[in-house]
Amino acid sequence: MLKAKTIKRMLAKRIQGQILSSRKILKNYSHDASLFELTPKLVIEPRNAADIGAIVQFVNEHRDHNPELSLTVRSGGTDMSGGAINNSLIVDPTKHLNGIGRVDEDEINVEPGVYYRDFEPITLAARQLMPSYPASKDLCTIGGMVANNAGGEKSLIYGKTDKYVKQLSVVLRDGKEHTIRPLSGAALRTKLKEPSLEGRLYKQIYDLARKSQAVIKNSRPKVSKNSTGYNIWDMWNGKTLDLTKLFVGSQGTLGVVTDVRFKLVPAKPLSGMVVAFFPNMDRLGDVINAVLPLNPSSLESFDEHTLKFAIRFFLSFRKTLGLKRFVLLGLSFIPLLNKLLRYLPNLPKLILLVEFEGDKQAEIDRQIKRVQSRLKTFDIETHVAADKKHEEKFWIMRRESFNLLRKNVKSKHTAPFIDDLIVPPKYLTQFLPRLTEIMERYEFLYTVAGHMGDGNFHIIPLMDLTDINERSKIEPALKEVIELVVKYDGSLSGEHNDGLIRGPFLKDMFDAETLKIQQQIKDIFDPDNIFNPHKKTKADWQFSLQHMRRRF
């Protein structure tokens, strides 16, 4: 078995980038935002795609005598499923693979190590937007968004990341960089005849897709978005073979993405929001089903616990926003606090954000009035945030909810193990009471936020994970929630993907034939399992349990 020092010395002769091995660095990279911890042997900052290719070739050469040798790409470290950690080699592209191209009409090339917060201003300067950004938009990278098939507050009308990926550059198992994009007609026929690795991969996927059309069609999750498994449902439409659909959302288990070409959408200049305050969640499902036909651009929420944390730790926003924005935010809270005083000694159980975007303020105002009219029938109090400036405080609370918990609650730790379930909105009136019963029976303190228009909930329990009695709740509660989600035609993940937490339970979502196709996808691209092992179809619950964090 090669030792870390030996690997470092051998790799240093092959690559231009840095190889890091200090105890502090390895500890920092041993965990992401999930429940899990895996300490890597080395952290590598590749300088270019050639470096990544050299790492892949090194792993291939030494894999026979070092079966645990593998590589996992990690960028922002915001992954909540344990998808960005590994006990072998971690590849971090943020230092060098962070180039951003120019906006070319409605398309742009960008490297995976770019933070979305640095990417968005460039697109907005051209009045364009990549709309699938997640709530962690100030922390995540483009590579992570592609790896997880990210979605967020605008997914209700714009869809997820896979919809905007036009082309990918990827390093495959041969250590070479390849370009993949949708192919049809003569271009596809030519590709299928190529004797190269790329040609053989296209041919294998093409044959699998055609042979399994009926099974694939019937197994599509019945939800508006899904990040479980590989996206086998959109790789072949009868005319076009699109391998980007498999790579987006694959969590780096098929190869390493080195460049992304995105399609952008026009950024809407105007917006307005109705904020609805729910004294309880009894009618939440009915309200969502009443508001959805009005086609809001976003339908988001956060609960009373998140609101309490936002008020309690309000000063922590200063570092995030800067002094000027922080002061303006504080002033804008005054009218809101006056409304909240009416609920004392309690607070609203849930705050629902209904946003409309457009080019004409008059149309936005009309939609806001329609929402208010519909909510009156439910006896729900509303507040109007008429423009982006007045909306900001609500978006900050929604987007920062997880970070508020993670950074400020020292006695308990965020435990994201049921953090991304999604069910069709039509079932919410039946589903939510049953979900609440499970959470209360296990006596969880938890926050709820999410994308209500999709029926996509982010539920984050706060737990003392040093307490064995608390830890023992995780597995049975997780299994009960999985059973409930599947019963209501849902998916275990709308956005956050499988990783170490949900990968072991793909068998609960898919039948044996569909799961076999999923496994074949992995085996076609990565038969030796060198790319991000223990995730997706290669996940194992006992392995995950063994690597659950005990100290924070």
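Numbers here are sequence positions counted from 1. If you're wondering where the values come from, they're calculated on a predicted model, not measured in any experiment.
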* To do: Can you label the angle between the Phe431 ring and the Phe457 ring as parallel, tilted or perpendicular, going by 30° and 60°?
  => tilted

* To do: Classify the angle between the aromatic ring planes of Phe543 and His534 as parallel (below 30°), tilted (30 to 60°) or perpendicular (above 60°).
  => parallel

Would a distance-only check, ignoring hydrogens and angles, find a side-chain to backbone donor-acceptor pair under 3.5 Å from [X] to [Y]?
X      : Y      : value
Asp508 : Val486 : no
Thr514 : Phe510 : no
Glu304 : Lys349 : no
Lys225 : Gly494 : no
Arg74  : Asp92  : no
Ser544 : Leu500 : yes
Ser34  : Phe36  : yes
Asn98  : Lys95  : yes

If only side-chain N and O atoms count, and only distance matters, is there a donor-acceptor pair under 3.5 Å linking [Y] with [X]?
X      : Y      : answer
Ser298 : Glu153 : no
Tyr230 : Thr253 : yes
Gln251 : Ser81  : yes
Asn532 : Asn86  : no
Asn289 : Asp286 : no
Asp420 : Ser493 : yes

* **side-chain hydrogen bond (donor to acceptor under 3.5 Å, both in side chains) evaluation trace for Asn497 with Lys535** => CA-CA 10 Å; Asn497 221 286; Lys535 320 302 189 310; over 6 Å; no

* To do: Measure centre to centre between the rings of Phe247 and Phe525, then say whether the value is under 6.0 Å.
  => yes

* **Salt-bridge present (Asp242, Lys166; N to O < 4.0 Å)** => no

* Please determine if Arg117 and Asp138 form a salt bridge, counting it only when a charged side-chain N lies under 4.0 Å from a carboxylate O. => no

* Checking salt bridge (charged side-chain N to carboxylate O under 4.0 Å, His left out) for the pair Lys538/Asp523: CA distance, chi angles, key distance, verdict? -> CA-CA 10 Å; Lys538 298 295 184 181; Asp523 293 339; 3.5 Å; yes

Rounded distance [0.5 Å steps], [atom1] in [X] versus [atom2] in [Y]:
X      : Y      : atom1 : atom2 : value
Met439 : Glu437 : CE    : CD    : 11.0 Å
Gln167 : Thr244 : CD    : OG1   : 9.5 Å
Leu515 : Thr537 : CG    : OG1   : 7.5 Å
Leu492 : Leu421 : CG    : CG    : 8.5 Å
Asn218 : Gln213 : CG    : CD    : 11.5 Å
Asn226 : Asp162 : CG    : CG    : 10.0 Å

* Has Glu513 got more than 12 heavy atoms of other residues, nucleotides or ligands less than 6.0 Å from its CD? -> no

* Asked: Which residue pairs pass the salt bridge (Lys or Arg N to Asp or Glu O under 4.0 Å) test with at least one member in residues 249-266, sequence neighbours excluded?
  -> Asp104-Arg261, Asp106-Lys263, Glu107-Arg261

